[in-house]
Amino acid sequence: MNEKLNEIREKALEQIKTAGSAEKLNEIRVSLLGKKGALTDILKSMKDVAPEDRPKVGQMVNDARAEIEARLEEAKKKMDEAIRAEKLKNEVIDVTLPADRAELGHRHPNTIALEEIERVFIGMGYEVVEGPEVEKDYYNFEALNIPADHPAKDEQDTFYVNGDILLRTQTSGAQVHEMEKGKLPIRMISPGRVFRADEVDATHSPSFHQVEGLVIDKNVTFADLKGTLAEFAKEMFGEDTKVKFRPHHFPFTEPSAEMDVSCFKCGGKGCRFCKGEGWIEILGCGMVHPHVLEMCKIDPEEYTGFAFGVGLERIALLKYEIDDMRLLYENDVRFLKQF
Ligand code: DAH
């Protein structure tokens, strides 16, 4: 018995020493200590041992078992450590390697132009406010004096969510929201996205941006409008920029005008850029219609005001001499980087 036990022990210790993997160790454990393992067999044959020898033999078997288990544990630990060390070796970071160059984005021409516009008007004491892109018919049309049978309300021009809710076709609704707040005087600009059912081409897109402007106070006149917008044009396009107002019609202003600036490419002589005109149209404007004031509960006898609307893409295209609006929506960094 003693000899047999020793033999099993020696063999086991040898096997453990040369086992190359955790699986192998487990196999060894099962072959010795499992249900049909060699040591288990010996324990089972204890009944054949003389009763007086049993405690001694039992002790021996237990000692052998404890030793084998300890060695198995030790071998397993060593193996785990070796695996961990190998893993760490592979994970070493060479801090002296040059870093990957991260490709930086770039501000969009629209953003640059808008920040410029905001800078000019904030400098004149205006607030910047935002209106909703999904809008009620009332704010986009009715409160702006645009009657139910106006062609702009046609489904061919306007994206309707349902009969009463639509995607705003202009930022002018922000004027109404601002006046409804009931706080006077008002000096605000309101930039934002607008939507029209247009086909995409070099000058059209179903979604573009406008910047609305509104001033309401006592004694505001057309002279204030002219002075303000002439100053804006100079700040935007250069000190020598001249402005010209042409009569126009917008339902929510009376009188209404479109403002042209002298071509900043040729100075007004006429070139390819201004199509030989010497002038470039940049915005619509006018004195707020008394009816619009009334609908917003402002007394037109006491208060007057002016409004204007600028196409942001138009300004960006002009200022940065971009000849196709579609380039603004592709967000190709190679294009954006140039501005
Ligand atoms: N909302 C007009 C448009 O989309 C632009 C405009 C014209 C805005 C005159 C104004 C204005 O505030 O006074 O064509």
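Values below: every heavy atom of this structure, side chains too, minus hydrogens, waters and symmetry copies. None of the values given here were measured: they were computed from a predicted structure.
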Side chain to side chain contact (heavy atoms under 4.5 Å, CB included) evaluation trace for Tyr138 with Met295: CA-CA 11 Å; Tyr138 177 78; Met295 279 190 279; 4.3 Å; yes

So, the side chain of [X] versus the backbone of [Y]: is there a donor-acceptor pair under 3.5 Å, distance only?
| X | Y | value |
| --- | --- | --- |
| Asp201 | His204 | yes |
| Arg54 | Lys47 | yes |
| Glu212 | Ser172 | yes |
| His248 | Glu258 | no |

From [X] atom [atom1] to [Y] atom [atom2], the distance as rounded to the nearest 0.5 Å:
| X | Y | atom1 | atom2 | value |
| --- | --- | --- | --- | --- |
| Leu72 | Lys77 | CG | NZ | 13.5 Å |
| His150 | Thr158 | NE2 | OG1 | 10.5 Å |
| Ile28 | Glu23 | CD1 | CD | 11.5 Å |
| Lys11 | Ile16 | NZ | CD1 | 12.0 Å |
| Trp279 | Ser262 | CH2 | OG | 5.5 Å |
| Tyr139 | Glu180 | OH | CD | 3.5 Å |

May I ask you to test the [X]-[Y] pair for a side-chain heavy-atom distance under 4.5 Å?
| X | Y | value |
| --- | --- | --- |
| Glu281 | Asp260 | yes |
| Glu313 | Asn110 | yes |
| Cys285 | Leu225 | yes |
| Phe208 | Val194 | yes |
| Asn331 | His108 | yes |
| His209 | Leu114 | no |
| Cys296 | Gln175 | no |
| Ile165 | Asp137 | no |

Out of curiosity, does [Y] fall in the hydrophobic cluster containing [X] (side-chain heavy atoms, cut-off under 4.5 Å, transitive links)?
| X | Y | answer |
| --- | --- | --- |
| Leu214 | Leu283 | no |
| Leu166 | Val161 | no |
| Phe264 | Leu312 | yes |
| Phe232 | Ile186 | no |
| Val261 | Leu317 | no |

Salt bridge (Lys or Arg N to Asp or Glu O under 4.0 Å) evaluation trace for Arg9 with Asp63: CA-CA 10 Å; Arg9 198 179 136 268; Asp63 286 351; over 6 Å; no

Trace of the side chain to side chain donor-acceptor pair (under 3.5 Å) decision for Gln170 with Asn140: CA-CA 7 Å; Gln170 49 184 0; Asn140 196 73; 4.8 Å; no

A quick test of your reading: do over 12 heavy atoms of other residues, nucleotides or ligands sit less than 6.0 Å from [atom1] of [X]?
| X | atom1 | answer |
| --- | --- | --- |
| Glu3 | CD | no |
| Asn219 | CG | no |
| Lys319 | NZ | yes |
| Lys36 | NZ | no |
| Glu199 | CD | no |
| Glu301 | CD | no |
| Glu130 | CD | no |
| Asp100 | CG | no |

Geometric class of the Phe339/Phe335 ring pair [parallel <30°, tilted 30-60°, perpendicular >60°]: perpendicular

Geometric class of the Phe222/Phe245 ring pair [parallel <30°, tilted 30-60°, perpendicular >60°]: perpendicular

Please give me the minimum heavy-atom distance between [X] and [Y], naming the atom from each residue.
| X | Y | answer |
| --- | --- | --- |
| Ile68 | Leu32 | CG2-CD1, 3.7 Å |
| Ala113 | Ile315 | CB-CG2, 4.3 Å |
| Thr221 | Phe306 | O-CD2, 4.4 Å |
| Leu5 | Leu39 | CD1-CD2, 3.6 Å |
| Thr171 | Gln210 | N-OE1, 2.9 Å |
| Gly20 | Met79 | C-CE, 4.0 Å |

Option among Glu67, Glu73, Glu69 that satisfies the salt bridge (charged side-chain N to carboxylate O under 4.0 Å, His left out) test with Arg71: Glu67

SB check [X] [Y] (cutoff 4.0 Å):
| X | Y | answer |
| --- | --- | --- |
| Lys78 | Glu81 | no |
| Glu127 | Arg187 | no |
| Arg326 | Asp324 | yes |
| Arg119 | Glu116 | yes |

Step-by-step side chain to side chain contact (heavy atoms under 4.5 Å, CB included) determination, Glu118 to Ile189: CA-CA 8 Å; Glu118 288 181 345; Ile189 56 169; 4.0 Å; yes

Candidate pair Glu27 and Lys24, rule salt bridge (Lys or Arg N to Asp or Glu O under 4.0 Å), full reasoning: CA-CA 5 Å; Glu27 265 171 39; Lys24 194 82 204 160; 3.5 Å; yes

Criterion salt bridge (Lys or Arg N to Asp or Glu O under 4.0 Å) on Arg84 and Asp80, from CA distance to verdict: CA-CA 6 Å; Arg84 205 171 311 133; Asp80 286 349; 5.5 Å; no

Step-by-step side chain to side chain contact (heavy atoms under 4.5 Å, CB included) determination, Ile280 to Phe273: CA-CA 9 Å; Ile280 298 170; Phe273 201 63; 4.0 Å; yes

Worked verdict on Ile216 versus Glu178 for side chain to side chain contact (heavy atoms under 4.5 Å, CB included): CA-CA 10 Å; Ile216 307 277; Glu178 202 55 24; over 6 Å; no

Pair Phe121 and Phe308, ring centroids less than 6.0 Å apart: yes

